[in-house]
K.L.:
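Got a structure for you, questions after.
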Number of protein chains: 2
Amino acid sequence: MRLSLNKAVMGNCIINDNKTAIFNAFLKTKWLKLTWELEKILQKIMEMDEHFLPEDLIQYFEQAGNERISRATVYRTLKLLEEASIINSFHINDDFKKYERIKAHHDHMICNECGKIIEFYDERLERIQKEICDEYGFKADSHIMNITGKCIDCRNKR
Amino acid sequence: MRLSLNKAVMGNCIINDNKTAIFNAFLKTKWLKLTWELEKILQKIMEMDEHFLPEDLIQYFEQAGNERISRATVYRTLKLLEEASIINSFHINDDFKKYERIKAHHDHMICNECGKIIEFYDERLERIQKEICDEYGFKADSHIMNITGKCIDCRNKR
DNA sequence: AGCCTTATTGAGACTGAGTCTCAATATAAA
DNA sequence: TTTATATTGAGACTCAGTCTCAATAAGGCT
């Protein structure tokens, strides 16, 4: 079932872009090995919609016809990918932990009527946030801003 | 074990401040009843440190010597209190759902070395956030901003 | 104060996301 | 190719949070 990951396979693997380098570097620093499973999971994440649940991946890799990867490995890999800053996680409505792959930094508006997630980015927020941290002598390495409320579509619906 | 909640008991109950009115009004709108358990939980929350876990309350109410309130009731009541905007919840480090009682609105800096939570409030953030929402036609009813990183004490430690 | 309807409670079973274990296997480096 | 070490999968396990349901309490009404 498991395939060996030789040079030929690596040659046309999906993560053969600039993320590979970043990720390999990260793996090296952690003395980790690049496995076939890790590659497949990364590939799938790249294909998926931006926000996904661990369970989405698990189901995919359990479906007949697809390569099988265990739930344990999916969770383990997600942690690695997050540490390597290739994906991000956040909570919505206190329910599930969702992931998204990192593109540019952005924050979220979450409609608690239809569940839609709107991404936005505002330079001013970033700047002010930095100023606040400086004031407190706090060295930020990331932040999350989630605004919950009602989106324009749901507001117009009545 | 359970006590009846008559006028006399109500007379010197702890929630006999302005929060009582708010909360009673809320209970009315939901056709809920003010119970002895609910009161005790609210009282304990007022005494507790600002940030607490459901488990903190559960343990307290399981300890010999204290009034006993079941874990189910604790969880149920926390949900009610959150709906009534008396407490707030948020996630830290993707682990647990923490609660805090609402004082003034504020955001968080979370040190991922010592776990300390620093609260801050900045008017500019609030204003800009409002502007962004307006742009998107989004009607916000709350937001969470958590900045993670290293606090000044931990930075000085080396 | 007592009655009556309806909401709330507690005990404990249950759920399900996430973790852990460990033998088998794959990787990387020499 | 060999060797040392990291990773995998299956499934048991954990534990925060939910659910069920019979017993009980709250609150409105008289």
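All chains are named by letter (A, B, ...) in the order of the sequence lines, taking the proteins before the strands, and each is independently numbered beginning at 1.
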K.L.:
Do A:N66 side-chain atoms and A:Y60 backbone N/O form a donor-acceptor pair below 3.5 Å?
P.N.:
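Judged by distance alone, yes, a pair lies under 3.5 Å.
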
K.L.:
Phosphate oxygens OP1/OP2 of D:dT7: is one of them under 4.0 Å from a side-chain N or O of A:T73?
P.N.:
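For D:dT7, neither OP1 nor OP2 has a side-chain N or O of A:T73 closer than 4.0 Å.
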
K.L.:
Take atom CH2 of B:W36 and atom P of C:dT9, then tell me their distance rounded to the nearest Å.
P.N.:
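One finds 11 Å between P of C:dT9 and CH2 of B:W36, rounded.
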
K.L.:
With DNA chain C as reference, determine whether A:E55 or A:A72 sits nearer its 5' end, using the nearest nucleotide of each.
P.N.:
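Closest to the 5' end, via its nearest nucleotide, is A:E55.
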
K.L.:
In whole Å, I'd like the distance from the CD atom of B:E62 to the C1' atom of D:dA16.
P.N.:
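After rounding, the gap between these two atoms is 13 Å.
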
K.L.:
Let's go through A:R155 and A:E113 carefully: what are the C-alpha distance in whole Å and the side-chain angles of both, what is the deciding distance for salt bridge (Lys or Arg N to Asp or Glu O under 4.0 Å) to 0.1 Å, and is it a yes or a no?
P.N.:
CA-CA 9 Å; A:R155 292 176 73 190; A:E113 201 140 317; over 6 Å; no

K.L.:
For the NZ atom on B:K139, are there more than 12 heavy atoms of other groups (residues, nucleotides or ligands in this structure) within a distance under 6.0 Å?
P.N.:
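Open: at most 12 neighbouring heavy atoms sit under 6.0 Å from NZ of B:K139.
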
K.L.:
Could you check B:L32 against A:P54 and say which one's nearest nucleotide on DNA chain C is further toward the 5' end?
P.N.:
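Mapping each residue to its closest nucleotide by heavy atoms, the 5'-most match is B:L32.
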
K.L.:
In whole Å, I'd like the distance from the CG atom of A:L57 to the P atom of C:dA17.
P.N.:
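The distance from CG of A:L57 to P of C:dA17 comes to 14 Å, rounded to the nearest Å.
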
K.L.:
In whole angstrom, give the distance that lies between atom CZ of B:R68 and atom P of C:dG10.
P.N.:
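B:R68 atom CZ is separated from C:dG10 atom P by 10 Å.
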
K.L.:
So, does the side chain of A:R76 form a donor-acceptor pair with the base of D:dG9 at under 3.5 Å?
P.N.:
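Answer yes: a donor N or O sits under 3.5 Å from an acceptor.
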
K.L.:
What's the CG-P distance between A:L53 and C:dG16, to the nearest Å?
P.N.:
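One finds 14 Å between P of C:dG16 and CG of A:L53, rounded.
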
K.L.:
Tell me, please, whether B:F61 has B:K40 positioned over its six-membered ring: NZ or CZ under 6.0 Å from the ring centre and within 45 degrees of its axis?
P.N.:
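Negative - B:K40 is either too far from the ring of B:F61 or too far off its axis.
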
K.L.:
Compute whether any side-chain donor of one residue and acceptor of the other, for A:E100 and A:H106, lie under 3.5 angstrom apart.
P.N.:
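Present: a donor and an acceptor within the cut-off.
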
K.L.:
In whole Å, what is the span from the NZ atom of B:K40 to the P atom of D:dA26?
P.N.:
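So the NZ-P distance, B:K40 to D:dA26, works out to 13 Å.
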
K.L.:
Return the value, rounded to whole Å, for the distance between atom CD of B:E39 and atom P of C:dT8.
P.N.:
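Distance check: B:E39 CD to C:dT8 P gives 15 Å.
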
K.L.:
Under 4.0 Å between a side-chain N/O of B:T35 and OP1 or OP2 of C:dT9, yes or no?
P.N.:
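So the side-chain polar atoms of B:T35 do come within 4.0 Å of the phosphate oxygens OP1 or OP2 of C:dT9, strictly under.
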
K.L.:
To the nearest Å, how far apart are A:R71 CZ and C:dG16 C1'?
P.N.:
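Rounding to the nearest Å, CZ of A:R71 and C1' of C:dG16 are 8 Å apart.
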
K.L.:
Considering just the side-chain nitrogens and oxygens of B:Y75, establish if one lies under 4.0 Å of OP1 or OP2 belonging to D:dG17.
P.N.:
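Checking D:dG17 against B:Y75, a side-chain N or O does come within under 4.0 Å of OP1 or OP2.
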
K.L.:
Under 4.0 Å between a side-chain N or O of B:K33 and OP1 or OP2 of D:dG28?
P.N.:
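No, outside the criterion.
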
